[in-house]
Undergrad: 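After the structure tokens below, expect a handful of questions from me.
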Amino acid sequence: MKNTWIGDVQSGQHDNKEVELKGWVKRSRGSNKIRFLVLRDSTGTIQCVAKRDALGDESFEEIKSALIESSIILKGMVNVDERSEGGHELVVTSVEIIGPVNPETPFPITESAMAAADGGETEFLLDNRHLYLRTSRMTTMLKIRSSVFGAIHSYFRDLDFLEYQAPNFVAGAVEGGSTLFEVPYFGKKAYLTQSWQLYAEAAMPALERLYTIAPSFRAEKSRTRRHLTEFWHAEMEVAWATNDEIMNHGEGVVRHISSTLLDERSDELESLGRDLDLISRFADSPYPRMRYDEAVETLQGLGVEIEWGQDLDYSKEKVLTQDFDVPHFLTHYPKIAKPFYHRVDPDDEKYVLCHDLLAPEGYGEIIGGGERTWSEEEILARIDEEGTPREPYQFYIDTRTYGGVPHGGFGLGVDRVCSWLSGADHIREVIPFPRDSRRVTP
RNA sequence: GCCGAUUUAGCUUAGCUGGUGGAGCGUGGGACUGUUAAUCCCAAGGUCAAGGGUUCGAACCCCUUAAUCGGCGCCA
């Protein structure tokens, strides 16, 4: 165990006291008589000063030999000193190298590699992801990610939602069949799940308010800054709810995530160059709602070529969201653009009761959801109309056969939210080991 | 799947109309008692992605292949 954290030292909790610091060498510089070693742990960094006179030749040579990313235990006195970054420094009295780094195989990630990564990750950094994780940029992203996950859990749990788990091996598709990963399953075929939704609908009559955060898999060869083949999907399902009520939750959770980040991660957001006033607007301002038809008219007004009935692809979302300063909902898409489980609008059968939440700054879709087709008669009609086989969905149809009720839910791309709120250049930057169509390693 | 681009030392890169590949970081050695990505000196480290072609001569021109990057479609 360790009992002294660098973050606490930097906040003044150990001034003028003797402490033992355990961490990794971030940087080392100095002369043959004095060394400045910057030590890093999960809570921060601190400059440690070692003088040959005070320390003795043996320990001084040892501290000199500690290459970058060696793990090390240092004892010493905490001094308040404005010459040191963070205002504190450790005057070293003893040195113990725990995990030395061999000079023949120095830590491969250098300043130049990091500088190049600022405008997007290089192949080298992706190949060395296991080591890149411990750099300040990735550490920052992972801390933000942790807070986003925590905020999603607390939003739903505070509202008495129950966390519920669905299988990851499934037999049928939620989205189009071409995007399923097929896996051999004892002589049969199975697929990796694309969504928790269908299995959540089965539990809806039991739990009524349920949610999850789980991985979903899509075999899309998308090469964009918003796509992964394995991504973390926050999904919820509520009985007796309308499209508007589901949207209230979508807005609620994104606002809660934003305010949680402001509480817990404002330093990290600022270090990424994020404007905190902007994040405050995501936390405080209402999210406007616009029907699909209005969006099409707006786009046509801007000279974008689009026909009614087309789904809105990213190029159109981007045009639409560029001037927004808060997320917007798009609702009531044409039936022909959406799969069978979306409920047809009883007021106008051309549309379905659905919504997408588009993040501003040109980011695009972060939530997709809506009311579900809930009567047995309608679900069978919609499945047949689409030409989807009934057989893999028999369990799903049964949920309507026995006491179907109006209900709905949404799926939120957690990695997308992390990427958007942190201002990352690419979704890969916010997940520790990104998976895309060309990479499953390390 | 389609379109565009890239590939030079461990990393980041320079390399002109084709004429014996330079640097910074990192590593090793040396100097320096307050450095902030320390600085200064020295050294090691390259079949220029792979294969083929044109040429007296190719990192550079042409062809093939591979890997990677960016964008599109699709979506969270």
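Each chain gets a letter, A, B and so on, in the order its sequence line appears, and its residues count up from 1.
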Undergrad: Sticking with atom P, work out how far A37(B) lies from G18(B), rounded to a whole angstrom.
TA: 43 Å
Undergrad: To the nearest Å, how far apart are D127(A) CG and U12(B) P?
TA: 10 Å
Undergrad: Would you call the rings of Y333(A) and Y292(A) parallel, tilted or perpendicular if under 30° counts as parallel and over 60° as perpendicular?
TA: tilted
Undergrad: Would you call Q194(A) and V170(A) a side-chain contact if the rule is heavy atoms closer than 4.5 Å?
TA: no
Undergrad: Ignoring the backbone of L228(A), work out which of A76(B), C74(B), G70(B) is nearest its side chain.
TA: A76(B)
Undergrad: With both distances under 3.5 Å as the test, what is the Watson-Crick or G-U wobble partner of C56(B)?
TA: G19(B)
Undergrad: Take atom CZ of F217(A) and atom P of A76(B), then tell me their distance rounded to the nearest Å.
TA: 16 Å
Undergrad: Which nucleotide in the list G26(B), G34(B), G71(B) gets nearest to the side chain of P106(A)?
TA: G26(B)
Undergrad: Can you find a donor-acceptor pair, distance only, under 3.5 Å between R223(A) side chain and C74(B) base?
TA: no
Undergrad: C1' atom, G15(B) versus G24(B): distance in rounded Å?
TA: 15 Å
Undergrad: If the C1' atom of G1(B) is compared with that of G57(B), how far apart are they to the nearest Å?
TA: 43 Å
Undergrad: Applying a 4.0 Å non-hydrogen cut-off, can you work out what I68(A) is touching in the nucleic acid: base, sugar-phosphate, or nothing?
TA: nothing
Undergrad: Report the distance from atom NZ of K316(A) to atom C1' of G71(B), rounded to the nearest whole Å.
TA: 15 Å
Undergrad: Taking atom C1' in both C62(B) and C2(B), what distance in whole Å separates the two?
TA: 25 Å
Undergrad: Of K221(A) and N32(A), whose nearest nucleotide on RNA chain B comes first from the 5' end?
TA: K221(A)
Undergrad: Is E89(A) touching bases, backbone alone, or none of the nucleic acid, heavy atoms closer than 4.0 Å?
TA: base
Undergrad: Within the 4.0 Å heavy-atom criterion, would you say S216(A) contacts the bases, only the backbone, or no part of the nucleic acid?
TA: nothing
Undergrad: Could you give the distance separating A44(B) and C3(B) at their C1' atoms, to the nearest angstrom?
TA: 45 Å
Undergrad: Which nucleotide, in any strand shown, forms a Watson-Crick or G-U wobble pair with A43(B), with both distances under 3.5 Å?
TA: U27(B)
Undergrad: Using the C1' atom in both, what is the distance from G52(B) to G26(B), to the nearest Å?
TA: 37 Å
Undergrad: Should the pair E237(A)-R209(A) be classified as a salt bridge under the 4.0 Å nitrogen-to-oxygen rule?
TA: no
Undergrad: Mind telling me whether W308(A) and Y351(A) have parallel, tilted or perpendicular rings, with 30° and 60° as the class edges?
TA: perpendicular
Undergrad: Under 4.0 Å between any heavy atoms, over every strand shown, what does G30(A) touch: base, sugar-phosphate, or nothing? Just pick one.
TA: base
Undergrad: Counting only side-chain N and O atoms of R35(A), is one of them less than 4.0 Å from OP1 or OP2 of C32(B)?
TA: no
Undergrad: Going by purine N1 to pyrimidine N3 plus the second Watson-Crick contact, or the G-U wobble pair, all under 3.5 Å, which nucleotide sits opposite C72(B)?
TA: G1(B)
Undergrad: Using 4.0 Å as the upper bound for N to carboxylate O, is an ion pair formed by D436(A) and R439(A)?
TA: no
Undergrad: Which of parallel (below 30°), tilted (30 to 60°) and perpendicular (above 60°) describes Y393(A) and F340(A)?
TA: perpendicular
Undergrad: Using the P atom in both, what is the distance from U55(B) to C60(B), to the nearest Å?
TA: 16 Å
Undergrad: Looking at every strand, decide which applies to D415(A) at a 4.0 Å heavy-atom threshold: base, sugar-phosphate, or nothing.
TA: nothing
Undergrad: Under a 3.5 Å cut-off for both distances, is A14(B) Watson-Crick or wobble paired, and to whom?
TA: none
Undergrad: Can you find a donor-acceptor N/O pair under 3.5 angstrom joining the side chain of S222(A) to the base of C74(B)?
TA: yes
Undergrad: Between G1(B) and S437(A), is there an OP1 or OP2 to side-chain N/O distance shorter than 4.0 Å?
TA: no
Undergrad: Any N or O donor-acceptor pair linking the side chain of E104(A) to the base of U27(B) at under 3.5 Å?
TA: no
Undergrad: Looking across every strand, which nucleic acid part, if any, lies under 4.0 Å from R52(A) by heavy atom: base, sugar-phosphate, or nothing?
TA: nothing
Undergrad: Quantified in whole Å, what is the C1' atom distance between nucleotide C61(B) and nucleotide C16(B)?
TA: 15 Å
Undergrad: Which of parallel (below 30°), tilted (30 to 60°) and perpendicular (above 60°) describes W196(A) and Y164(A)?
TA: perpendicular
Undergrad: What is the pairing partner of U64(B), taking Watson-Crick or G-U wobble pairs with both distances under 3.5 Å in any strand?
TA: A50(B)
Undergrad: Heavy atoms only, 4.0 Å cut-off, all strands: where does L412(A) land among base, sugar-phosphate and nothing?
TA: nothing
Undergrad: Tell me whether F36(A) is stacked on the nucleobase of G34(B), counting only the six-membered base ring and applying the 5.5 Å and 30° thresholds.
TA: no
Undergrad: Does this structure show an ion pair linking K350(A) with D293(A), if we count only N-O contacts that are shorter than 4.0 Å?
TA: no
Undergrad: Between I34(A) and F124(A), which is nearer to the 5' end of RNA chain B once each is assigned its nearest nucleotide?
TA: F124(A)
Undergrad: Have a look at I109(A) and say if it touches a base, only the backbone sugar-phosphate, or nothing, with a 4.0 Å heavy-atom cut-off.
TA: nothing
